[in-house]
2 protein chains.
Amino acid sequence: MNSTGRPATLADVAKRAGVSVATASFVLSGRGGARSSGSPETKAKVRGAAEELGYVPNRNARSLRTGRSGGIVLALGTVEDPWGLSLAGAVRDRALPEDLSTLILGDERWFEFLSGSAFDCSFVTSVDVTPEGPEQVRHLARGQGGIVAFSERIQPERFDVISSSAQPAVHAAYRRLRARHDSVAFMTGRAIDPERRPYYPSRAHAFLDAASEAGDAPGDDLVHASGTDRQQSFEYSQRWLEGPDRPTAVICSTGYLALALQVAAMHAGISVPDDLEIISIGDVPSDAQMLGPISYYGVQDVFARMADIIVGRALDREGSPGRLHRFDWEFFPGGTTVDGADGA
Amino acid sequence: MNSTGRPATLADVAKRAGVSVATASFVLSGRGGARSSGSPETKAKVRGAAEELGYVPNRNARSLRTGRSGGIVLALGTVEDPWGLSLAGAVRDRALPEDLSTLILGDERWFEFLSGSAFDCSFVTSVDVTPEGPEQVRHLARGQGGIVAFSERIQPERFDVISSSAQPAVHAAYRRLRARHDSVAFMTGRAIDPERRPYYPSRAHAFLDAASEAGDAPGDDLVHASGTDRQQSFEYSQRWLEGPDRPTAVICSTGYLALALQVAAMHAGISVPDDLEIISIGDVPSDAQMLGPISYYGVQDVFARMADIIVGRALDREGSPGRLHRFDWEFFPGGTTVDGADGA
DNA sequence: CTGTTAGCGCTTTCAG
DNA sequence: CTGAAAGCGCTAACAG
């Protein structure tokens, strides 16, 4: 490994090996290990020179030329959400053997960032939170890399779409708990904000629909906004459980809320599931659970399936016209409900 | 926004605006908004054409030319660690106003990935886990972008180094608790593995040193490996707290272990801090705490300080010879120790 | 103030 | 089987 000056270029390697740039390129990047790559002797010389110089191909130049970058980028909107991290882990595990790097975009300006780049595949989650989301995705699809969009309101075109609505799950959870309780409450992080409302019905909306569909009263007071961080949720849960309108059945809009509620119940001496049943919409990462599994609605093998789609797109050069992948939610019974594994 | 064909190139824009490529480039990328950019009329034409065509510069081409990419990449080694995510959040907040994107590299092949690329700044955490780490960092530093390395065994050269050893903190924590207890235990995730040992002393090693320095017995049995995920840690804590050698003072090697222990203590009816004192090495993200603040040793404003260094490097074109940033750990009293805010 | 020109480092025909 | 040359899209000198 040479230790002076700027990084070695292919031309440097070629010169040192006494061959032309083209040959060097052929040996190093073309099917080097496989068939028909050059005379064994030349190969050795080139390889040796590259090694000595610590040569490493400039990815910008290569991408510029080929239109591919050897990378997958996950535009998750936010980095704080553990859901995205689980996905990232699954993608990484599948991408690594294919020699694809996995990157997470940490900010929310996915459109600006992705427009300029040429990744093998870009995955976009926050299509549905702005009005222009779908249009932007279509625009990106004109570029070179593959696109996978996580959305409930866009049709596949030259990109794949993963559609995974929690709405049926919320309805099912409501029916399931309502069958055993006079009243079912809903716990969410942030109150419904009519201003910055996403362009699809939120889980809280689904809950309200489910309640009125079941013939229950307006139910606005059944929606509890507990705050976004865990301490807030925990303290809210404590007050709630020790207050006058203590619930006996709660649907939590995320796994972490369910976790906070579960711990608060233990703290308050309330027995779960006997005196309080909890269902989470979306699973709780197993390594975050402390008091045993929480009953939840979720998608079987979500991360593995999504990772397959994303990596598949990345590997698919010039391909498929775009598929719609619809994910269905099922009930996974845990220790926070009384029921066994029978369906909704 | 044009909706057909491949992405518009600068040449397309120039042609449509009736100017040359150079002029278009000048207007669009050179100090467009600021002074001396071209005649108002041309500017308008070019801007208009770009708008109509939905032009967006190809970042690969630009980077190839300029050697800068408009991005910061954080090579965290793993995505699962919340520490890295907090850092990512802090970096993103500072980078966004400067028009820098923040990326997280999701896999552990940082060297391979970074060698090929030209980011404005790369941050590498796992320098100390392999023997060749430092050499690789030096090699990267020959490239175009800035580098910030998180390491306790490398000297700054043409890159910055952040050195933040937990060792003194472990010693201080030991002394602090030992002053009030006959025996102080240590809780860690993974047992000390002499095989794949990192190339620096681990926190568990520091604990053993601290014990023998205080004149205490070997203490190997004071090190408790509780497993890596939270459920395991929680269950381990439960067994431990309800078993025969129940501790009265514990140092936890990470914040999440302290959290599990705290919850387990509550569960077992053990009063914290009266019957059990807990000190965490490293802080617990505030949004993960449920039972109130945990006493810990940590670095004041770690994430903000690190983010400043990283973004600073990214903005610093052709610059500083490399600085060593040494981070000192302090005690932050919370609800899991009996002491107030007095020093160690 | 705008246009011409020369590359950045790489891959890829196309000849030899 | 190897070399010469073109060009990906963009920017930065230098002319005009």
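Hydrogens, waters and symmetry mates play no part in the numbers below; they use all other heavy atoms, side chains included. Please read these numbers as outputs of a predicted model, since none were measured by experiment. All chains are named by letter (A, B, ...) in the order of the sequence lines, taking the proteins before the strands, and each is independently numbered beginning at 1.
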May I ask you to verify if any side-chain N or O of [X] is less than 4.0 angstrom from the OP1 or OP2 atom of [N]?
X       : N     : result
A/Ser63 : D/dC8 : no
B/Ser20 : C/dT2 : no
B/Thr23 : C/dT2 : no

Between [N] atom [atom2] and [X] atom [atom1], what is the distance in whole Å?
X        : N      : atom1 : atom2 : value
B/Asn60  : C/dC10 : CG    : P     : 13 Å
A/Leu10  : D/dG3  : CG    : P     : 12 Å
B/Gln144 : D/dT11 : CD    : P     : 15 Å
A/Arg68  : C/dT12 : CZ    : C1'   : 17 Å
B/Phe26  : C/dG3  : CZ    : P     : 13 Å
A/Asn58  : C/dG7  : CG    : P     : 18 Å
A/Lys15  : D/dG3  : NZ    : C1'   : 16 Å
A/Leu28  : C/dT12 : CG    : P     : 13 Å

**Q.** Side-chain H-bond candidate by donor/acceptor type, B/Ser151 with B/Asp128, under 3.5 Å
**A.** yes

Q: Note down the inter-axis angle between the two ends of the helix from C/dC1-D/dG16 to C/dG16-D/dC1, five pairs each, to the nearest 10°.
A: 40°

Q: Output, in order, the C-alpha distance, side-chain angles, deciding distance and verdict of ring pair (Phe, Tyr, Trp, His ring centres under 6.0 Å) for B/Phe150 and B/Trp83.
A: CA-CA 13 Å; B/Phe150 191 75; B/Trp83 183 87; 5.4 Å; yes

If you only use heavy atoms from C-beta on, which nucleotide in [options] is closest to the side chain of [X]?
X       : options                : answer
A/Leu64 : C/dC10, D/dG3, D/dG9   : D/dG9
A/Thr66 : C/dT12, C/dC10, D/dG3  : C/dT12
B/Arg65 : D/dG9, C/dT11, D/dA5   : D/dG9
B/Arg62 : D/dC10, C/dT12, C/dC10 : D/dC10
A/Ala22 : D/dC10, C/dT4, D/dA4   : D/dA4

Q) For DNA chain C, whose closest nucleotide is more 5', that of A/Ala61 or that of B/Val21? A) B/Val21

(Q) Quick test of your reading of the model: are A/Arg313 and A/Asp316 salt-bridged, counting only N-O distances below 4.0 Å? (A) yes

Q | Any side-chain heavy-atom pair of B/Val161 and B/Val127 under 4.5 Å | A | no

**Q.** Validation row: A/Leu114, A/Val73 side chains within 4.5 angstrom (heavy atoms)
**A.** yes

Q: For atom CZ of A/Arg323, decide whether the heavy atoms of other residues, nucleotides or ligands shown that lie under 6.0 angstrom number more than 12.
A: no

Q: Mind checking the CD1-CZ spacing from A/Ile154 to A/Phe159? Nearest 0.5 Å is all I need.
A: 3.5 Å

